[in-house]
> 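The structure under discussion is supplied below as structure tokens; questions concerning it will follow.
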Amino acid sequence: MTNDIDEFSSIYGKWEAEWEKNRVHNAEPEPGRKKFFVTAAFPYPNSPPHIGHGRTYVTADVLARYKRSRGYNVLFPMGFHFTGTPIITMADDIAKGDKELIDIFENLYKIPKDVIPKLADPLYMANYFKGEFERGFRKLGLSIDWRREFTSINPEFSAMVVWQFSKLKGKNFIVTGEHPVGWCPIHNTPVGMHDTKSDVEPEIGEFTVIFFQSEDGVFPVATLRPETIFGATNLWINPKEDYIKVEVDGSNWWISRKAFQRLSFQMNMKETGVALKGAELVGREVMNPVTGNKVKVIGASFVDPKTATGVVMSVPAHAPFDYYYLLKEGKNVNPIPVIEVNSLGEIPAKKIVEDKKPKNDEQLEEATKELYRLEFNTGKMRKDLGKLVNGNTELTSMIAEQPVPKARDVVKKFILEKGLGTKVLEIMNRPVYCRCGNEIVVHVVKDQWFIDYGNAEWKKTAKEYLSAMQIFPQEARKEFEAVFDWLDRRACARTRGLGTPFPWDRKWIIESLSDSTIYMAFYCVAHIIKENEIRASQLSQSLWDYVFLGIGDPVKVSEENKIDRQLLERMRDEFVYWYPLDSRHSGKDLIANHLSFFVFNHVAVFPRELWPKSIVVNGFILYEGKKMSKSLRNIVPLEQAIKKYGPDTVRLVLVGVADLWSDANFTDDLAKSINSKLKKIYQSAKEGLDTNRKRYCTLQDKWLSSIVKKTVKKVSDEMETLDFRGAVNDAFFMMERYYDEYLEWVRSVGQEPNQEVIREFFENLAIMLSPFAPYISEEIWHLYGGQGFVINAKWPENKEYDVNVLLIKYYIDSVISDIQSIMEIKKGKTAKLTFSDNMKLLRTCINSLEKGGGFKEFVREVVKEERIDVKALQRLYDVVTQLEPEFRKFLLENEFNEYNIIRDNLEFIKRRTGMDKIEISEGTNLTGKVAIPLRPAILLE
RNA sequence: GCGGGGGUGCCCGAGCUUGGUCAAAGGGGUCGGGCUUAGGACCCGAUGGCGUAGGCCUGCGUGGGUUCAAGUCCCAUCCCCCGCACCA
């Protein structure tokens, strides 16, 4: 009673230890030998690794192993990203005793109970999970050179980041400016997605504010639809709320008290001490600054005092709320339409309200959305706008008959330029709450530091280079191009979190995606720094200038940094040898940020010959068809998966069953079935050793040998294009099938398998499978006396194979399937076969097809010489179109004796079809059935 | 809205780049058979419709087109998913 994994576990442990002992995965420069440098995006260890983390790394590892077997000196290192806030937040949660999180750590990830309290320390947490990653990734068989590992908060790494930023600054790519962020008003800190309750990303949007003048200060109306200003018939305020007068840039505004509490975080506002209930403002007369019209302030309960200014305008022609409430309050409704939409008549809001008959605010909200969408997408400003503005037609003439989106921009610009209004920012998906429980607001941070990815020169160079890079898969390239286009200034400093202090203002920390764009360069020297205990203080700008750019005199640089000259030269040599990076791997979620920054920063910092060669992006991992998430509690920790299914199986599921671009679905059934196939192959390999027949001669031997050679060619092509799914299919699933076919075929002729061909099969299998399933491949490799480790074994060459035997097998299979399909209708125990030997007809058909001719041409061609039933010709034509090109070519140049082939394989066919007897004869006719080339006439009795 | 991806048989999911090998791979489920005391696991077969002969009909979101031939190419249209930043 052994379970699948027990039988294999000794293999896994054995080879992991052997590889470790022999330092198989360590990489040293070998001047003169071609190199391949591959990295994957380093993980952020705020939990133990799960199977999703494995995909990118296994993809990179497969490539690394493949390149090795192609003779490259391969470097595959990894490090850890500690920068940022989520780890801190999680550690806080542990400290607070967050039940849900502790439950997940304890029961999902199986973290020992005594460890959990210690995770309240963020650094302990990061290091603990880093350890888990290392252990898990080792077990997964990743060929990583662990000596070079580091974390993004190592002081030595920070020294390099500082160098990088000074390079950026030197090119004026670091700029300052204002920047709005989500903000907790109690803690006075920025609030990102990870800091909110239920992980909501705060969306910041912009309201246009229009100043309606009154005798006693301004009513700042906030709107998302400034183009409807012409249709305002009154203002709305909430009569139950407090309104206060505040001073903004020298003028007085009436806004809700709740608005004041929010807006004061984004603009200078002073309380004047004047406050009134909303109800007391009702009835005041205000002037629309754009049209000059006078309108009244009216009260309504739907006005949200917490959104923007708490003062809104009423446009009953285009806002269902406004139309509905005016009617409900018994006011005069005089809608002024300013936008026309074909299907909505004169007054769009009226039509929508009358059609939909909304009964509550929720339904009004729906109606609003619908009208908004219709007007935005299909609406045009009316041409009679001019008459609404008291003679001032400067603005209306610009927008009359224009589509709504364009008019909106024009009106907004007009209002801002003429000083008729301003803008305020608001959390569009509010309310969003900070983890502390307070509702967050928009805060405008002054003097924010940015990396200016919008810089035209920089962008141009980056885009040019992108087109020269290799991008896998093809689909990703378009997305990169789009991202490069819209990329603009990016805030690169934060007020809290782990990371490198910002060099020019040390109260800031360099933001997490900005400190990890050229870190692959650090791998080249990380182990040298570690082994020689070089300190951050010795890693000054001049050192990095020399190591990375070759600038400066090594003698001076080594003195300046108190580093032994030999060491300094070694760092330089190692960098020169490994750089540029050959392949960068990550999930496709990083296209829009990390991977793009990575290209931009290389372009900015390094000379062109050191820019990265290629990018490989992969899809995600689903578990049983669903995205893994804490809330679904369906996360599969890597170590548990490895323990349950074994590392080779996990690897095959992660990279072998879905193409790069799409998500791969990890299922228990799939893993089990792959595991049992691995087991079967291993079993076959062991049994294969016992074969005794030495002489290599039979048709079956030749077939297996040929199909192996053909598979080698196919898999080689697939590996080169990173079609790992295809490669796994051929090198694993198909190879297994071929082996079974061979055994059955050989046994049907009463023979044993041949030693020589079995050896060829397993040697090739071991190497082709080794990038994907290194453990079992290693075992099979050694079983068959392979020298050294399979990772260093040379990838098989493409060799000529025998098309004839492949065609023979194809032909036999097609006869078998014909017999079977007849059996579905007519049972029989004896099959009678006759054959056509009309090679000439067959060749005519192939020729006309090769020439690109259709069926008609073929018939015309044939009719010239002989009279043959058109039906039969059609069948032949179908048979030939289905033939592989190499078979067609073969048949043009060689004889193919169907009778002899079937005669020699009668036993195999009988076995496959269950026939008792198969009679073959040479004539073409068989009681009405006509044989055509490659399709014998078959009669069952 | 803009950008990217996608809609395939009961379900999941390949294929479409290079039209014919596609009634459409591979799973799952279901049905039948084997094994077993039984169940599970495993193995074999079937799984669009029709048909006592390897065939015919219908079919790959919807509508049209190109072609001897279209899941595959072209046009139009509907629907779904992801990204749009300062967050790892």
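Naming convention: chains lettered A, B, ... in sequence-line order (proteins, then strands); numbering from 1 in each chain. The shown structure was predicted, so the numbers you read here are calculated from the model rather than taken from an experiment.
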> Taking only N and O in the side chain of Ser662(A), is any of them less than 4.0 Å away from OP1 or OP2 of A14(B)?
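For Ser662(A), the contact criterion (side-chain N or O under 4.0 Å from OP1 or OP2 of A14(B)) is met.
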> Please name the residue in the list Phe484(A), Phe598(A), Trp486(A), Trp458(A) that meets the ring pair (Phe, Tyr, Trp, His ring centres under 6.0 Å) test with Tyr453(A).
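Answer after filtering Phe484(A), Phe598(A), Trp486(A), Trp458(A): Trp458(A).
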> Need one value for Thr83(A): base, sugar-phosphate or nothing, where a base atom within 4.0 Å counts as base even if backbone is also close, heavy atoms only.
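The residue Thr83(A) makes sugar-phosphate contact but no base contact.
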> How would you label the contact of Gly84(A) with the nucleic acid (heavy atoms, under 4.0 Å): base, sugar-phosphate, or nothing?
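Sugar-phosphate: the residue Gly84(A), judged by heavy atoms under 4.0 Å, touches backbone atoms but no base.
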> Quick one: label His179(A) by what it contacts on the DNA or RNA (base, sugar-phosphate, nothing), any heavy atom closer than 4.0 Å.
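Contact class for His179(A): base.
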> I need the CG-P distance between Leu425(A) and C86(B), as an integer number of Å.
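In whole Å, C86(B) P and Leu425(A) CG are 13 Å from each other.
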> Sequence neighbours left out, what passes side-chain contact (heavy atoms from CB on, under 4.5 Å) with Pro122(A)? Give chain and number order.
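Counting only residues at least two positions away or on another chain, Pro122(A) forms a side-chain contact (heavy atoms from CB on, under 4.5 Å) with Ile87(A), Ile88(A), Ala91(A).
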> Grab the NZ-P distance between Lys679(A) and C43(B) for me, whole Å please.
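That distance rounds to 11 Å.
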> Looking at U21(B), A88(B), A14(B), which one has an atom nearest to any side-chain atom of Ser512(A)?
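Looking only at side-chain atoms, Ser512(A) lies closest to A88(B).
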> Take the angle between the ring planes of Trp183(A) and His443(A) and call it parallel below 30°, perpendicular above 60°, tilted in between.
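Because their plane-to-plane angle lies in the 30° to 60° range, the rings of Trp183(A) and His443(A) count as tilted.
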> What distance, rounded to whole Å, do you find between the two C1' atoms, one in A69(B) and one in G20(B)?
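A69(B) and G20(B) have their C1' atoms separated by 6 Å.
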> Side-chain N or O of Ser676(A) versus OP1/OP2 of C42(B): is the shortest distance under 4.0 Å?
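So the side chain of Ser676(A) is outside the cut-off, no N or O lying under 4.0 Å from OP1 or OP2 of C42(B).
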> Go through G26(B), A88(B), G54(B) for me and flag the one nearest to the Arg737(A) side chain.
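Closest nucleotide to the Arg737(A) side chain: G26(B).
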> Roughly how many Å is it from CZ in Phe600(A) to P in A85(B), rounded to a whole number?
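Whole-Å distance recorded here is 17 Å.
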> When you compare G83(B) with A88(B), how far apart are their C1' atoms, in angstrom units rounded to a whole number?
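Those two atoms are separated by 15 Å.
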> What distance separates Lys412(A) NZ from Glu206(A) CD, expressed to the nearest 0.5 Å?
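Here the rounded value is 4.0 Å.
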> I'd like to check the salt bridge (charged side-chain N to carboxylate O under 4.0 Å, His left out) partners of Asp488(A); sequence neighbours left out, ordered by chain and number.
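Residues passing salt bridge (charged side-chain N to carboxylate O under 4.0 Å, His left out) with Asp488(A): none at all.
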> Rounded to whole Å, please give me the gap between CG in Leu939(A) and P in A53(B).
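After rounding, the reported distance stands at 12 Å.
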> Give me the distances for all protein-to-nucleotides 3-10 of chain B N/O pairs that come in under 3.5 Å?
unit_1, atom_1, unit_2, atom_2, d
G4(B), O2', Glu479(A), OE1, 2.9

> Under 4.0 Å between a side-chain nitrogen and a carboxylate oxygen: does that hold for Asp663(A) and Lys627(A)?
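Salt bridge flag = no for Lys627(A) with Asp663(A).
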> Is Glu511(A) salt-bridged to Arg494(A), cutoff N-O under 4.0 Å?
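The answer is no: the pair does not qualify as a salt bridge.
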> Counting side-chain heavy atoms from CB outward, which of G54(B), A88(B), A85(B) is closest to Tyr44(A)?
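So the nucleotide nearest the side chain must be A88(B).
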> Could you check whether Pro885(A) gets within reach of a base, just the sugar-phosphate, or nothing at all, counting any heavy atom under 4.0 Å?
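Result for Pro885(A) = nothing.
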> On RNA chain B, nearest-nucleotide positions of His594(A) versus Tyr810(A): which is more 5'?
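By nearest-heavy-atom nucleotide position, the 5'-most residue is Tyr810(A).
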> Do the two ring centres, one from Phe732(A) and one from Phe772(A), sit under 6.0 Å apart?
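No.
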> Is Glu479(A) salt-bridged to Lys588(A), going by a charged N under 4.0 Å from an acidic O?
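No, this pair does not count.
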> How many angstroms lie between CG in Asn634(A) and OH in Tyr623(A), if you round to the nearest 0.5 Å?
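Rounded to the nearest 0.5 Å, the CG-OH separation comes out at 8.5 Å.
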> What interatomic distance, in whole Å, is found between P of C11(B) and the corresponding atom of U30(B)?
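Result for the P pair: 15 Å, nearest Å.
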> How many Å lie between CG on Leu590(A) and P on G83(B), as a whole number?
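In whole Å, G83(B) P lies 13 Å from Leu590(A) CG.
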> Once you apply a heavy-atom cut-off of 4.0 Å, does Leu513(A) come out as touching a base, just sugar-phosphate, or nothing?
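Counting heavy atoms under 4.0 Å across all strands, the contact made by Leu513(A) includes a base.
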> With the side chain of Asp669(A) defined as its heavy atoms from C-beta on, choose the nearest nucleotide among G28(B), A85(B), C86(B).
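Between G28(B), A85(B), C86(B), the one nearest the side chain of Asp669(A) would be G28(B).
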> C1' atom, C16(B) versus A25(B): distance in rounded Å?
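Roughly 14 Å separates the two C1' atoms.
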> Please say whether the positively charged group of Arg490(A), taken as NZ for Lys or CZ for Arg, lies over the ring of Phe597(A), i.e. under 6.0 angstrom from the six-membered ring centre and within 45 degrees of the axis.
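Not flagged: Arg490(A) not positioned over aromatic ring of Phe597(A).
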> Check salt bridge (charged side-chain N to carboxylate O under 4.0 Å, His left out) between Asp409(A) and all other residues, then give those that pass, not counting sequence neighbours.
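So Asp409(A) forms no salt bridge (charged side-chain N to carboxylate O under 4.0 Å, His left out) with any residue.
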> If I take atom CG in residue Asp589(A) and atom P in nucleotide G83(B), what distance separates them, rounded to the nearest angstrom?
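These atoms are roughly 9 Å apart.
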> What residues from residues 488-500 of chain A pass a heavy-atom cutoff of under 4.0 Å to RNA chain B?
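The answer is Asp488(A), Arg489(A), Arg490(A), Ala491(A), Arg494(A).
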> Base of A88(B), side chain of Asn593(A) - is there a donor-acceptor contact under 3.5 Å?
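Answer yes: a donor N or O sits under 3.5 Å from an acceptor.
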> Between U62(B) and A70(B), how many Å separate the two P atoms, rounded to a whole number?
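Straight-line distance between the two P atoms is 16 Å.
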> To the nearest angstrom, how far is Ile846(A) atom CD1 from U21(B) atom C1'?
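That distance rounds to 14 Å.
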> Could you give the distance separating A23(B) and G71(B) at their C1' atoms, to the nearest angstrom?
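12 Å, rounded to whole Å.
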> What's the gap between G9(B) and C60(B) when it is taken at their C1' atoms, as a whole Å value?
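Going atom to atom, C1' in each nucleotide, I get 8 Å.
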> Enumerate, in order of first residue number, the stems that involve RNA chain B, defined as 3 or more consecutive Watson-Crick or G-U wobble pairs with both distances under 3.5 Å.
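RNA chain B stems, ordered by first number: B:1-7 with B:78-84, B:10-12 with B:26-28, B:29-34 with B:42-47, B:48-50 with B:55-57, B:61-65 with B:73-77.
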> What integer number of Å spans the P atoms of A41(B) and G27(B)?
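Nearest-Å result for A41(B) against G27(B) at atom P: 16 Å.
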> Do Val617(A) and Leu660(A) have side-chain heavy atoms sitting under 4.5 Å apart?
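Heavy-atom side-chain distance check fails, nothing below 4.5 Å.
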> Just by modelled atom types, is the Trp508(A) backbone N or O under 3.5 Å from a matching donor or acceptor in the Asp505(A) side chain?
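No, Asp505(A) side chain to Trp508(A) backbone: no donor-acceptor pair under 3.5 Å.
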> Rounding to a whole Å, what distance do you find between Ile471(A):CD1 and U17(B):P?
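Ile471(A) atom CD1 is separated from U17(B) atom P by 23 Å.
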